[in-house]
Amino acid sequence: MAQVTMIVNGKAASGTVEGRTLLSSFLRETLDLTGTHVGCDTSQCGACVVHVDGVAVKSCTMLAAEADGADVATIEGQAAPDGTLNTIQQAFQDHHGLQCGFCTPGMVMTTAALLKDNPKPSEQEIRVHLEGNICRCTGYHNIIKAIYAASGQDVAALGAD
Amino acid sequence: MYNFEFEKPSSIADAVAALGGDEAQALGGGQTLIPTLKQRLASPTTLVSLSNIPEMQGICTGDDGALCIGGSTTHGAVASGAGAYLGLAALAGHIGDPAVRNRGTIGGSLANNDPSACYPAAALASGATLVTNTREIAADDYFLGMFETALEEGEIVTEVRFPIPEVSHYEKFVQPASRFALVGVMVAKFADGVRVAITGASEEGVFRWAEAEAALSANFSSDALDGLTLDADNMIGDLHGSKEYRAHLCGVIAKRAVAKAA
Amino acid sequence: MPKDGEIKSGIGASSKRREDVRFLTGNGNYTDDINIRGQAYVFFLRSDIAHGTLNSVDTSAAAAMPGVVQIFTGADFEAVGGIPCGWLVTDKHGEPMQEPKHPVLAHGKVRHVGEPIAAVVADSLEQARDAAEAIEVDSSELPAVINMKDAFKEGATKVHDDLTSNLCYDWGFVEENKGAVDEAFKNAHHVTTLELVNNRLVANPMEPRVAIGDYARSDEQHTLYTTSQNPHVIRLLMGAFVLGIPEHKLRVISPDVGGGFGTKIFHYQEEAFCTFAAKACNRPVKWTSSRSEAFMSDAHGRDHVTTIQLALDKDNNFTALRTDTLANMGAYLSTFASSVPTWLHGTLMAGNYKTPLIYVNVKAMFTNTVPVDAYRGAGRPEATYQIERVIDMAARELGADPVALRRQNYVTEFPYATPVAVEYDTGDYHATMDKLEEIGDFTGFEARRKESEAKGKWRGLGINNYIEACGIAPSNLVGQLGARAGLYDAATVRVNATGSISVMVGAHSHGQGHETAFPQVVADMIGIDESQIDIVHGDTSKIPFGMGTYGSRSLAVCGSAMVRATEKIIAKAKKIAAHLLEASDTDIELKDGMFSVAGTDKSVAWGDVTLAAYVPHNYPLEEIEPGLEETAFYDPSNFTYPAGAYACEVEVDPDTGKVTIERFSAADDFGNVINPMIVSGQVHGGIAQGVGQALLEGCSYDEESGQLLTGSYMDYAMPRADDLPFYSVDHSCQTPCTHNPLGVKGCGEAGAIGSPPSVVNAVIDALHSGGKEVAHIDMPLTPDRVWNAINNA
């Protein structure tokens with residue numbers, strides 16, 4: 001067992017972990033940040049995506065011990081303290097980019113990483129960037145629209161109703 | 001997962017020492033190893049993380065002009081930082097998905113030598129040199145078959161040196177579920193000839209296609225591959241593609257790689 | 001009718017989903033997010049062989065492992081019931097189906113890879129798993145029967161020793177019509193025959209299943225938290241048939257559920273186990289499925305092998321249709337498994353066409369595979385796929401235009417009684433096809449085909465119609481057909497003193513947006529703001545009763561119950577208003593939240609009436625009770641029949657066989673629409689699953705060993721964003737349902753039902769445009785399969 005300390009959503013957080021404790025388990029079980037979800041065990045579905053030191057990672061495929069000392073951002077830290085949704089979250093609601101909500105935290109965190117690197121992505125760039133995020137509900141149609149809108153581009157240009 | 005001790009040394013020497021322990025195993029980015037551990041298919045007593053070793057990080061140009069990439073450099077860092085070798089940067093930029101690329105490392109991928117991974121094709125087609133904590137291994141001597149390499153117990157890939165070809169391209173036809181290569185072909189044209197390496201297809205892992213290399217060395221155009229075929233017998237046959245299909249795809253994808261080489 | 005977006009609130013408005021806020025901020029409350037003080041964890045030791053005799057299961061070493069609370073095996077469950085099947089199918093000889101016992105934990109034999117053999121309850125999940133590895137299972141492997149045709153053969157290995165064969169039932173429908181159908185085939189001008197496979201699928205909601213059992217000794221109360229689409233159904237099945245717990249001592253809670261698609265309808269062993277073990281161990285017991293576990297324990301879908309024949313006269317009129325299907329049940333009968341290939345499939349075999357004679361034969365087979373049950377569409381995609389593929393094939397054989405051949409044979413007069421025992425109330429199939437031709441830009445297709453050709457690609461256009469039956473009912477009819485439950489639903493409308501409303505509904509929302517759409521209906525009826533109304537669902541202790549959400553039934557059935565309860569509320573409120581306004585209640589009108597006396601300027605607001613109901617100082621106490629709460633149960637008089645026309649355009653890369661979807665259009669008739677945004681979203685998701693079935697997804701077993709070859713996302717191809725295009729969807733063709741109060745039909749499954757045939761039809765068309773005379777390729781149309789078809793043409 002080892003002690004790990006990290007900054008999570010801007011606040012110091014620490015806990016005792018085993019070598020095998022995954023970052024996703026640490027977030028969900030030790031810190032009770034259950035917004036990060038686990039949908040597969042082969043590092044493919046992306047429901048568990050969080051940011052570690054500013055980049056998107058699959059928290060189910062990273063040891064908590066590897067994140068010792070890191071700055072971690074999760075879905076719980078995305079909205080303003082008063083609950084106001086951020087631009088990406090608001091775009092997902094406006095464009096019905098979610099249904100059951102299970103993949104949504106990973107989608108939002110992946111989108112945030114995309115827009116940081118590529119502020120005005122094309123439809124195709126968005127689709128390719130979502131390779132590691134599986135949604136079973138929406139058929140991606142409205143997710144693509146939401147991301148495009150969140151980037152400040154005119155959704156009408158996509159030619160999708 | 002079975003439990004294990006976790007160590008995170010900050011130098012190659014310390015990492016090698018830690019790996020000398022009983023049942024110790026190196027952890028690169030963990031994008032393959034951690035899913036394997038979840039299935040309880042491996043049971044190391046100690047996992048030695050290579051993620052905090054500055055001398056294994058980063059990209060530079062060697063005295064001989066080769067592109068030198070630290071073994072713990074992530075795919076994402078190669079994609080954005082290997083501008084001197086565009087074919088390699090593009091290959092790295094299409095491994096897995098963005099989150100996987102932020103963790104997975106070149107050394108980890110090459111040490112694992114998954115028969116469908118992308119990097120082995122790049123190393124082999126480039127005639128790369130794999131530098132370990134003890135020696136340098138030519139790519140032609142390194143890949144020994146599916147998940148098998150020339151690495152000894154406890155030996156780690158600290159750096160990979162890629163000679164930079166005049167033109168190159170890696171073309172991947174993905175297996176629809178895993179998105180690994182069903183067939184991936186790396187073509188690299190050097191002043192002294194063309195090298196062609198294929199991943200995903202063979203039961204013996206990544207391999208060079210000698211006939212294609214000879215034809216392309218004589219005439220670097222996709223037409224040069226017309227009529228060349230690979231024996232289906234040695235190909236992987238599974239629910240995603242028969243042996244014959246993979247053998248056929250090798251030709252098609254190789255031509256596309258040549259056509260796109262830049 | 002108004003365009004999408006023109007209506008700002010109430011029925012017809014694209015109200016944004018209120019549930020999104022909690023999902024977008026990480027505040028959803030999914031079952032795995034729940035942890036109960038003192039909980040233990042269970043790990044199931046599952047069979048790694050497909051078929052075998054269990055000689056012994058020795059848990060002694062495992063029991064001594066650190067953290068182990070208790071270990072259970074099949075012997076511990078001998079005294080409890082098996083997992084029940086909810087539908088008794090009677091075969092063509094009038095005999096009941098063969099119904100094997102489905103134990104909570106395997107006892108004596110294992111019958112599929114993944115069947116639970118033992119369950120270890122421990123302080124932590126890893127400890128449970130460590131101990132499970134120390135359990136010594138002595139088993140003798142038996143030959144596995146995987147392929148249905150093999151299972152049907154004389155002398156085949158039997159999945160269940162105590163059954164006469166692997167045949168669950170041999171169902172004929174309508175048996176009395178068989179002779180006439182055969183005669184019509186003899187007299188046919190042309191007969192098209194097609195053998196096809198409806199590929200086995202895994203539903204794969206992104207949230208894996210979870211169950212937590214809890215037990216309070218103080219009041220002998222069991223609580224089960226579970227990822228279910230229908231908590232009351234679980235309470236009924238598990239309480240009455242498996243564990244013998246009366247309803248008042250069993251509470252089932254399904255909080256936020258991360259998608260269902262059918263596979264979370266069923267009652268599973270893990271639910272019964274956690275409920276049982278919580279009492280036995282005197283600790284809450286939690287199980288969280290891994291994705292790998294889900295592949296071998298969630299009920300699978302589809303898996304039919306069919307021969308369909310279509311007879312036509314010299315004028316291309318359909319004269320008869322007959323179909324023979326082998327339907328895979330897997331190793332045991334899951335909750336609704338038996339009804340899927342029969343009543344949900346056979347009754348839809350008329351499609352959108354006036355084929356006068358139809359005969360359906362279904363042989364349901366037991367095999368050494370995971371149980372198969374309903375998956376989005378359930379029986380109706382299987383029917384649609386056959387019909388729409390065989391029509392396309394007939395058109396090609398006859399040189400007929402596939403649109404014209406369909407149009408010529410449409411049902412055009414309603415109500416229409418089909419030869420397969422159902423009555424379509426409304427529809428306009430020409431209208432949806434007209435709309436499809438418009439949004440799919442059929443006239444531009446040839447130009448697009450040439451553009452593709454110039455790039456070395458082959459382009460194809462495929463179309464199909466579909467019809468589905470939603471809201472299966474009425475209960476007395478389904479009871480005659482073998483259902484062991486009623487198929488009504490219920491709602492309670494509780495109006496609070498200040499006028500806000502809680503509606504307790506039996507439907508369960510796991511992505512469908514009920515929390516947003518249902519209030520739109522009530523808001524419209526009363527004339528108050530949607531935000532004043534909340535929906536409560538997913539807890540048997542809070543809602544009156546409910547059969548849950550599946551089969552696109554929620555709005556048509558539960559929504560109708562909600563309307564009926566709201567009507568009762570309004571009737572009572574009018575009486576109160578009449579008293580306050582000193583008028584007759586027959587003169588009271590309700591509009592925009594105001595009660596007024598017709599023809600006068602006297603009025604009283606909604607909130608004043610509701611307050612009067614709870615503070616009845618000035619109130620007709622001698623005539624009506626205080627309070628304002630009403631419940632209604634609604635049992636529909638018929639199914640609803642959504643229908644539509646779909647078109648897909650593909651490009652095929654002849655060198656690799658890879659298919660890309662270039663264009664997808666869907667024109668649906670869902671009757672009236674409450675929230676167009678949500679309806680479009682449902683269609684998008686359905687299409688993605690249908691395209692997934694057509695191109696990507698296929699659950700595969702090794703036919704010798706019975707090992708599951710597609711046991712994770714490494715081998716089971718889930719559709720991803722770059723596999724799919726934008727979809728053009730339209731639901732402006734609306735022929736309202738005539739027999740429910742909202743005139744709604746249901747939209748949840750349409751996309752999954754309507755899309756596979758058009759994709760396959762498009763690929764076949766593309767291959768023909770490339771000069772390859774390929775008649776058929778079985779789904780999924782992977783690059784390997786398409787390339788092989790091209791090569792062998």
Side-chain angles (χ1 to χ4, degrees), chain B residues 1-4 31-32 34-41 43 94 96-100 114-117 171-185 200-201 222 225-226 232 235-257 259, chain C residues 43 66-67 124-127 129-130 132-133 199-200 202 204 290-293 295 456 653-660 691-692 695-703 707-723 780-792:
Chain B
M1 277 190 265
Y2 298 107
N3 203 11
F4 46 79
Q31 302 304 285
T32 301
I34 291 175
T36 306
L37 293 170
K38 286 186 197 173
Q39 303 291 328
R40 295 195 164 205
L41 298 174
S43 52
H94 290 94
D97 58 62
V100 165
D114 187 297
S116 301
E171 181 78 7
K172 176 161 66 170
F173 190 87
V174 299
Q175 193 259 58
S178 70
R179 301 299 189 100
F180 275 66
L182 192 70
V183 166
V185 181
S222 50
L225 298 175
D226 282 348
M235 295 287 153
I236 298 169
D238 60 18
L239 64 110
H240 305 291
S242 64
K243 288 170 178 282
E244 293 71 24
Y245 180 61
R246 277 192 172 80
H248 163 78
L249 267 188
C250 289
V252 172
I253 301 306
K255 283 182 149 200
R256 291 181 183 181
Chain C
F43 180 82
S124 78
L125 179 59
E126 294 291 356
Q127 286 174 329
R129 195 166 173 186
D130 288 341
E133 288 185 5
N199 43 325
R200 187 179 183 110
V202 183
N204 274 305
S290 69
R291 181 60 60 186
S292 300
E293 223 175 344
F295 270 99
D653 178 345
D655 293 329
T656 63
K658 186 172 168 56
V659 176
T660 49
V691 170
L695 295 184
L696 295 162
E697 301 178 40
C699 178
S700 184
Y701 280 90
D702 182 287
E703 293 205 352
Q707 292 295 321
L708 181 60
L709 299 177
T710 46
S712 79
Y713 294 154
M714 295 298 281
D715 288 301
Y716 188 91
M718 292 285 281
R720 305 200 201 193
D722 59 356
D723 290 317
L781 273 59
T782 59
D784 176 52
R785 287 188 182 185
V786 173
W787 179 77
N788 268 302
I790 292 171
N791 257 22
N792 296 327

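Heavy-atom basis, side chains included; hydrogens, waters and symmetry copies ignored. Each chain gets a letter, A, B and so on, in the order the sequences are listed, and its residues count up from 1. A quick note: this is a predicted structure, and the numbers were derived from the prediction, not measured.
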Legend entry - Side-chain donor/acceptor of C:D784 to backbone N/O of B:S242, under 3.5 Å: yes
Inset, instruction - Identify which part of C:E133 has an atom lying under 4.5 Å from any heavy atom of chain B, answering side chain, backbone, both or neither. - result: side chain
Legend entry - salt_bridge(B:D97, C:R720) N-O dist < 4.0 Å: no
Legend entry - Region of B:K38 that comes under 4.5 Å of a non-hydrogen atom in chain C: backbone
Legend entry - Region of C:D702 in contact with chain B, defined by heavy-atom distances below 4.5 Å: neither
Inset, instruction - Could you look at C:R129 and say if it's the side chain, the backbone, both or neither that has a heavy atom under 4.5 Å from chain B? - result: both
Inset, instruction - Can you tell which part of C:T782 gets under 4.5 Å to a heavy atom of chain B, answering side chain, backbone, both or neither? - result: neither
Inset, instruction - Tell me, for C:L696 versus chain B, whether the close heavy atoms (under 4.5 Å) come from the side chain, the backbone, both or neither. - result: side chain
Inset, instruction - Name the region of B:Q39, side chain, backbone, both or neither, that has any atom closer than 4.5 Å to a heavy atom of chain C. - result: both
Inset, instruction - State whether C:D655 and B:R256 are salt-bridged, where the test is any N-O pair (Lys NZ or Arg NE/NH1/NH2 against Asp/Glu carboxylate O) under 4.0 Å. - result: yes
Inset, instruction - Can you tell which part of C:P783 gets under 4.5 Å to a heavy atom of chain B, answering side chain, backbone, both or neither? - result: both
Legend entry - Heavy-atom donor-acceptor pair, B:Y2 side chain to C:D130 backbone, under 3.5 Å: no
